[in-house]
Peer 1: 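Could you have a look at this structure, given as structure tokens, before my questions?
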Amino acid sequence: QVQLVESGGGLVQPGGSLRLSCAASGSIISIYRMGWYRQAPGKQRELVAWATSAGTIYYADSVKGRFTISRDNAKNTVYLQIDSLKPEDTAVYYCHLLQFGVNYWGQGTQVTVSS
């Protein structure tokens, strides 16, 4: 089994920054991609960013230029550096891992952007 442990969420003022971390453990054989989703109150879950093992990176249009995803493959860890936070970034952020066509999810970490 694969477990994902997230950290780094919190309450931040507009314009502030956060760095989210997600460490994978368990039956790690060959990770195809790791990334981040988020879900705001009353809205559907949406893809924020992902990074494949080959180095391909994807960002949602809403976060381009502000969010940076990175991976440490040796540690099976993915990071999300979030800069210039906006109130609309407020959401629960979920770590995601895809391996052999199977999706794994973290427990979610709350990011709140407010004055």
Peer 1: Find the distance between OH (Tyr93) and SG (Cys22) and round it off to the nearest 0.5 Å.
Peer 2: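 Reported to 0.5 Å precision, the distance equals 15.0 Å.
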
Peer 1: If you measure from CD on Gln99 to CG on Asn76, what distance do you get to the nearest 0.5 Å?
Peer 2: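 Taking CD in Gln99 and CG in Asn76, the distance rounds to 9.0 Å.
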
Peer 1: Please confirm whether the backbone N or O of Gly108 pairs with a side-chain atom of Glu6, one donor and one acceptor, at under 3.5 Å?
Peer 2: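 A pair under 3.5 Å: yes.
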
Peer 1: Is there side-chain contact between Trp50 and Val78, with heavy atoms separated by less than 4.5 Å?
Peer 2: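 When only atoms from C-beta onward are counted, Val78 and Trp50 do not touch, as no gap falls below 4.5 Å.
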
Peer 1: Hey, any chance Tyr32 and Tyr59 share a hydrophobic cluster, counting ILVMFWY side chains that come within less than 4.5 Å of each other, even indirectly?
Peer 2: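 Shared cluster, no.
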
Peer 1: Does the side chain of Thr90 pick up a donor-acceptor pair with the side chain of Glu88 at under 3.5 Å?
Peer 2: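 Short answer, no.
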
Peer 1: Can you get from Tyr104 to Ile28 by hopping between Ile, Leu, Val, Met, Phe, Trp and Tyr side chains that sit under 4.5 Å apart?
Peer 2: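 Result: yes, single cluster for both.
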
Peer 1: Distance-only, no hydrogens or angles: does the Thr112 side chain make a donor-acceptor pair with backbone N or O of Leu11 under 3.5 Å?
Peer 2: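 Checked: no pair found.
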
Peer 1: May I ask you to decide if the ring planes of Trp105 and His96 are parallel, tilted or perpendicular, using 30° and 60° as cut-offs?
Peer 2: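 Plane angle between 30° and 60°, so tilted.
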
Peer 1: Side chains of Asp72 and Thr77: donor-acceptor distance under 3.5 Å anywhere?
Peer 2: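 Note: Asp72 and Thr77 side chains miss the donor-acceptor criterion.
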
Peer 1: Just by distance, do the side chain of Arg33 and the backbone of Leu98 share a donor-acceptor pair under 3.5 Å?
Peer 2: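 No, the answer is negative, given that no donor and acceptor are paired below the 3.5 Å cut-off.
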
Peer 1: Answer whether the closest heavy-atom distance between the side chains of Ser17 and Gln81 falls below 4.5 Å.
Peer 2: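 Contact flag for Ser17/Gln81 side chains = yes.
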
Peer 1: Is there a path from Ile57 to Leu20 through hydrophobic residues (I, L, V, M, F, W, Y) whose side chains come within less than 4.5 Å of each other?
Peer 2: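 Yes, it is one cluster - the side chains of Ile57 and Leu20 are joined through contacts under 4.5 Å.
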
Peer 1: Should Phe67 and Val113 be regarded as members of a common hydrophobic cluster, given that ILVMFWY residues are connected when their side-chain heavy atoms come within less than 4.5 Å of each other, either directly or indirectly?
Peer 2: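 Yes, Phe67 connects to Val113 through the hydrophobic network.
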
Peer 1: How many angstroms lie between CD in Gln107 and CG in Leu4, if you round to the nearest 0.5 Å?
Peer 2: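 With rounding to 0.5 Å, CD (Gln107) is 8.5 Å from CG (Leu4).
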
Peer 1: How long is the gap from CZ on Arg38 to OG on Ser62, to the nearest 0.5 Å?
Peer 2: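 With rounding to 0.5 Å, CZ (Arg38) is 4.5 Å from OG (Ser62).
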
Peer 1: Could you check whether Arg45 and Tyr37, counting side-chain N and O atoms only, form a donor-acceptor pair closer than 3.5 Å?
Peer 2: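 No, Arg45 and Tyr37 have no side-chain donor paired with an acceptor closer than 3.5 Å.
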
Peer 1: With a 4.5 Å cut-off on side-chain heavy atoms, are Asp83 and Leu18 touching?
Peer 2: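 The answer is no, as the side chains (C-beta and beyond) never meet within the 4.5 Å cut-off.
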
Peer 1: Going by side-chain contact (heavy atoms from CB on, under 4.5 Å), Trp36 matches just one of Ile69, Ile82, Val63. Which one?
Peer 2: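 Result: among Ile69, Ile82, Val63, Ile69 is the only option passing the side-chain contact (heavy atoms from CB on, under 4.5 Å) with Trp36.
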
Peer 1: Does the Lys NZ or Arg CZ of Arg71 fall within the cation-pi geometry relative to Tyr79 - under 6.0 Å from the ring centre and within 45° of the axis?
Peer 2: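 Output no; distance or angle outside limits.
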
Peer 1: For the residue pair Cys95 and Met34, establish whether any side-chain heavy-atom pair is separated by less than 4.5 Å.
Peer 2: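 In short, these two side chains touch, coming nearer than 4.5 Å.
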
Peer 1: Do Pro14 and Ser115 come close enough that some side-chain heavy atom pair is under 4.5 Å?
Peer 2: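 Yes, at least one pair of side-chain atoms sits under 4.5 Å.
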
Peer 1: Quick one, Lys64 with Asp61, criterion salt bridge (Lys or Arg N to Asp or Glu O under 4.0 Å). Give me CA distance, side-chain angles, the key distance, then yes/no.
Peer 2: CA-CA 5 Å; Lys64 287 181 179 178; Asp61 289 341; 3.1 Å; yes

Peer 1: Are Leu80 and Leu85 joined in one hydrophobic group, where the rule is that I, L, V, M, F, W and Y side chains link up if heavy atoms are under 4.5 Å apart?
Peer 2: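 Looking at the clustering, Leu85 is in the same group as Leu80.
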
Peer 1: Just verifying a value: how many Å separate Ser27 OG and Gln3 CD, rounded to the nearest 0.5 Å?
Peer 2: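 Separation between the atoms: 7.5 Å.
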
Peer 1: Is any side-chain heavy atom of Val12 closer than 4.5 Å to one of Val111?
Peer 2: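 SC-SC contact between Val111 and Val12 ruled out.
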
Peer 1: When rounded to the nearest 0.5 angstrom, what distance separates CD1 in Ile31 from CZ in Phe100?
Peer 2: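 The CZ atom of Phe100 is 10.0 Å from CD1 of Ile31, to the nearest 0.5 Å.
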
Peer 1: So Ser84 and Arg66, do their side chains get closer than 4.5 Å, heavy atoms only?
Peer 2: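 Heavy-atom side-chain distance check passes, below 4.5 Å.
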
